[in-house]
Structure formats: C-alpha cells, structure tokens
Protein chains: 2
Amino acid sequence: MTSSDPPPVGSAFLLTQLGTHAAQAFAARIGELDLTPPQTGLLRAIAGAPGSSQQALAELLGTPATRLVALVDGLEQRGLVERRRNPTDRRLHAVHLTDAGTALMADIGRVARQHDDAVLAALDGDEKARLRELLAKVAADQGLTPGVHPGYKNLR
Amino acid sequence: MTSSDPPPVGSAFLLTQLGTHAAQAFAARIGELDLTPPQTGLLRAIAGAPGSSQQALAELLGTPATRLVALVDGLEQRGLVERRRNPTDRRLHAVHLTDAGTALMADIGRVARQHDDAVLAALDGDEKARLRELLAKVAADQGLTPGVHPGYKNLR
DNA sequence: TATTGTTATACTCTATAACTATA
DNA sequence: TATAGTTATAGAGTATAACAATA
C-alpha cells in the first residue's frame with residue numbers, strides 16, 4: 001500500500017485505545033478525591049476482604065509486597081486504613097478500613113458511576129448491556145480476575 | 001471474610017481492565033520483533049504519513065517533541081527510518097521508512113492480526129463485529145484519534 | 001524574533017535486593 | 001530455617017527546561 005487509506009485497526013487495538021482513555025479519565029476524576037488509581041484499587045480490595053494480610057493483598061493484586069507496603073503507608077498516613085497486629089502471629093498485619101476509609105468508599109462509588117456514565121454516554125441502555133456482556137465474555141476467557149486491574153501485575 | 005458479594009464493577013472498568021490486558025499482551029508479542037509499543041505506534045504513524053516533520057508527528061501523536069526525537073533516534077539507529085533534510089527549509093527533518101522499515105511493517109501487521117485473534121478468541125464472528133461496532137461508537141464519541149494510542153498524550 | 005530539532009536534567013513509578021522481627 | 005513486613009537502592013520511562021541551528 002502506498003498511503004492515503006487509514007491503516008485498518010483491529011478490535012484489540014480499539015480495546016487498548018479505549019481502555020487507556022478510560023483509565024486516564026478515571027485517574028482525572030479520582031484525583032479530585034486525592035487518590036491515585038492504584039490506591040483506589042487497593043481500597044477496593046481491602047473493602048472486599050477486610051482484615052487480609054499484606055501478603056494476601058499482594059497476592060490478590062499480583063504485585064510485589066514491597067509495592068503494597070508503600071501503598072498501605074500512604075493510605076494509613078491519611079487515616080483511611082489501619083494495620084492491626086495479629087496477637088497469635090505477631091508477624092501479620094491485618095489491614096482494615098477506618099471509618100474515614102469506609103466513608104470514602106461511598107465517594108469512590110459515586111465517582112465510578114459518573115465515570116461509567118461519561119465514558120459510555122454514546123450508548124443507549126440496550127447497547128450498554130450488550131457491550132458489558134461481550135466484554136465480560138472476553139475478560140473471562142482471558143483469565144482476568146474480576147475487579148482487579150492488570151496494571152498491578154509484574155510482567156518481567 | 002465477611003462480605004461475599006463481589007463488588008459490582010462498571011463497564012468502564014471492564015474496558016480499562018481489558019484494555020490494559022490487551023496492551024500487555026501486545027507488548028509481549030511485539031517484543032519478539034524487538035519493538036516496544038510506542039515504537040510500533042510511531043512506525044505506524046510514519047507509514048501513514050511518510051515525510052512528516054518530527055513536529056507534525058509529535059502533534060499527531062500528542063507527545064512532546066523531545067520524546068519523539070528519542071523514539072526516532074532508536075528507530076534510525078536500527079535502520080528502520082531515516083531523516084531527510086528539507087533543502088528548502090533546512091530546519092525540517094522529514095521522516096521516512098527505510099526498506100527495512102517497510103518490510104518490518106508487514107511483520108507488525110501479522111503480529112497485530114495474531115494478537116487480535118488471541119484476545120477475541122472467545123467471540124464468534126457476529127459477536128466480534130458487534131463488539132467492534134460498539135467500541136467504534138464509543139471511541140468516536142470520546143474524541144479518540146483513530147489509530148493513535150492515548151498513551152502518548154501528556155496529561156498534566 | 002520565531003521555529004525545528006536536540007541535549008541535559010529531574011521526576012515518578014516500580015522492581016530487585018538486602019534487612020528486621022517473629023515464628 | 002522460613003515467613004511477614006520493611007527499608008534501601010536502582011532502573012525504565014517520561015516530562016521540563018535549556019540550548020543550537022535555521023529561518
């Protein structure tokens with residue numbers, strides 16, 4: 001081919017393009033709560049499995065424990081989560097949301113819904129349902145953990 | 001754990017999750033050609049608009065010119081692209097693919113098709129077409145430039 | 001003086017490795 | 001000796017700012 005025709009792009013590239021765009025838009029929105037996307041994902045994980053050890057959280061998110069420590073540090077300093085030592089095995093730090101953290105989760109939920117509406121504004125109800133169905137099918141086939149962003153995964 | 005219900009996730013999050021997954025999978029595949037995704041995107045841009053100045057390419061991709069210079073440097077050293085000075089205005093460096101670069105584009109196309117098939121393996125033909133349609137609709141509404149990955153965009 | 005390209009520098013994020021404490 | 005957590009260090013990727021060449 002010489003040029004002039006726009007190079008045909010596959011659906012997988014469309015997915016990457018839209019996924020990156022959605023991630024950037026979400027980062028901007030959640031930034032108004034002074035949160036980064038990794039922090040938000042960790043808060044969600046803690047809310048879904050309160051009292052988990054940091055090792056367990058690292059395992060769930062697929063990230064090195066060292067990164068998790070730094071993330072928990074930041075959230076703890078802001079009073080959103082707390083570490084509780086396990087009296088039976090004093091090596092373990094169970095991570096819990098504080099009341100402030102729980103309250104913030106509600107805000108995060110609101111922001112997430114606004115984000116969802118904004119990104120999918122072009123679709124009507126039926127189309128949204130159909131898209132969700134197709135995406136869920138692909139996600140399951142690709143082995144993605146529901147609710148866990150693959151960006152935590154160490155790749156090399 | 002107390003809660004048993006998986007936290008409900010919006011379609012926009014599914015998009016982000018799948019988009020990141022697809023990007024990682026593509027990076028792994030294209031890495032076998034010793035290319036990074038940003039390099040691949042730049043090659044595509046050059047192939048689509050040969051002879052563009054570096055400023056024009058930076059503008060198209062939405063990236064600082066300084067980053068583009070570094071990317072072109074890497075591709076030029078490998079003999080995939082070349083800079084040609086414009087005799088009329090010697091400030092401009094028109095960027096072109098070399099023969100090796102053109103040949104590599106064919107390999108990239110093959111890898112991209114394999115990638116597409118792998119990511120969408122769960123869907124039949126009709127479903128693929130429907131998904132593509134819905135994604136294209138959302139992408140257009142969100143103002144994405146066709147064929148350009150938003151990851152080049154400077155955000156702050 | 002304005003524009004294209006380049007180089008130098010700094011910053012952010014993340015991973016790897018070494019270390020402490022508990023078991 | 002093995003495990004949970006932590007600290008220290010280094011690397012990749014990118015942006016910001018200063019500079020050089022040409023117009």
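- Rounded to whole angstrom, the span from the CG atom of A:N86 across to the P atom of D:dT3 amounts to 17 Å.
- One can place CZ of A:R84 at 15 Å from P of D:dG5, the figure rounded to the nearest angstrom.
- Atom P of nucleotide C:dG5 and atom CG of B:L68 are separated by 9 Å, given to the nearest angstrom.
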Give the C-alpha distance, both sets of side-chain angles, the deciding distance and a yes or no for side-chain contact (heavy atoms from CB on, under 4.5 Å) between B:V9 and B:Q17. CA-CA 11 Å; B:V9 171; B:Q17 203 183 6; 5.5 Å; no

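- At whole-Å resolution of the value, CD in A:Q54 and P in C:dA21 are 17 Å apart.
- Along DNA chain C, the nucleotide closest to A:T36 and the one closest to A:R85 are compared, and the more 5′ of them pairs with A:T36.
- A continuous path of hydrophobic side-chain contacts links A:L57 to A:L35 [ILVMFWY only; heavy atoms under 4.5 Å].
- If you take CG on A:L43 and CG on A:L75, they are separated by 5.0 Å, rounding to the nearest 0.5 Å.
- For A:H93, whose side chain is taken as the heavy atoms from C-beta onward, the closest listed nucleotide among C:dA17, C:dT7, D:dG5 is D:dG5.
- Distances were taken from every side-chain heavy atom of B:P64 (C-beta onward) to each of D:dA15, C:dT22, C:dT6; the shortest belongs to D:dA15.
- For the side-chain contact (heavy atoms from CB on, under 4.5 Å) with A:Q54, the qualifying choice from A:L92, A:L71, A:V72 is A:V72, the only one to do so.
- Protein atom OH of B:Y152 is 13 Å distant from nucleotide atom C1' of D:dG13, rounded to whole Å.
- In this structure, A:Q77 places its CD atom 14 Å from C1' of D:dT6, rounding to the nearest Å.
- B:L97 is not listed as a side-chain neighbour of B:L80, based on a closest heavy-atom distance of 4.5 Å or more.
- A donor and an acceptor atom sit less than 3.5 Å apart, one in the side chain of B:T66 and one in the base of C:dT7.
- Mapping B:T63 and A:V69 onto DNA chain D by nearest heavy atom places A:V69 closer to the 5' end of the strand.
- Taking atom CG of residue A:L71 and atom P of nucleotide C:dT12, one finds them 16 Å apart after rounding to whole Å.
- Listed pair B:R67 / D:dA12 fails the phosphate criterion, with no side-chain N or O lying under 4.0 Å from OP1 or OP2.
- In the set C:dA17, D:dG5, C:dA23, C:dA23 carries the atom at the smallest distance from any side-chain atom of A:R90.
- Rounded to an integer number of Å, the gap from NZ of B:K153 to C1' of D:dG13 is 19 Å.
- For B:R91, counting side-chain heavy atoms from C-beta on, the closest listed nucleotide (D:dA17, C:dT14, C:dT4) is C:dT4.
- The nucleotide whose nearest atom lies closest to any side-chain atom of A:Q55 is, among D:dT6, D:dA4, C:dG5, D:dA4.
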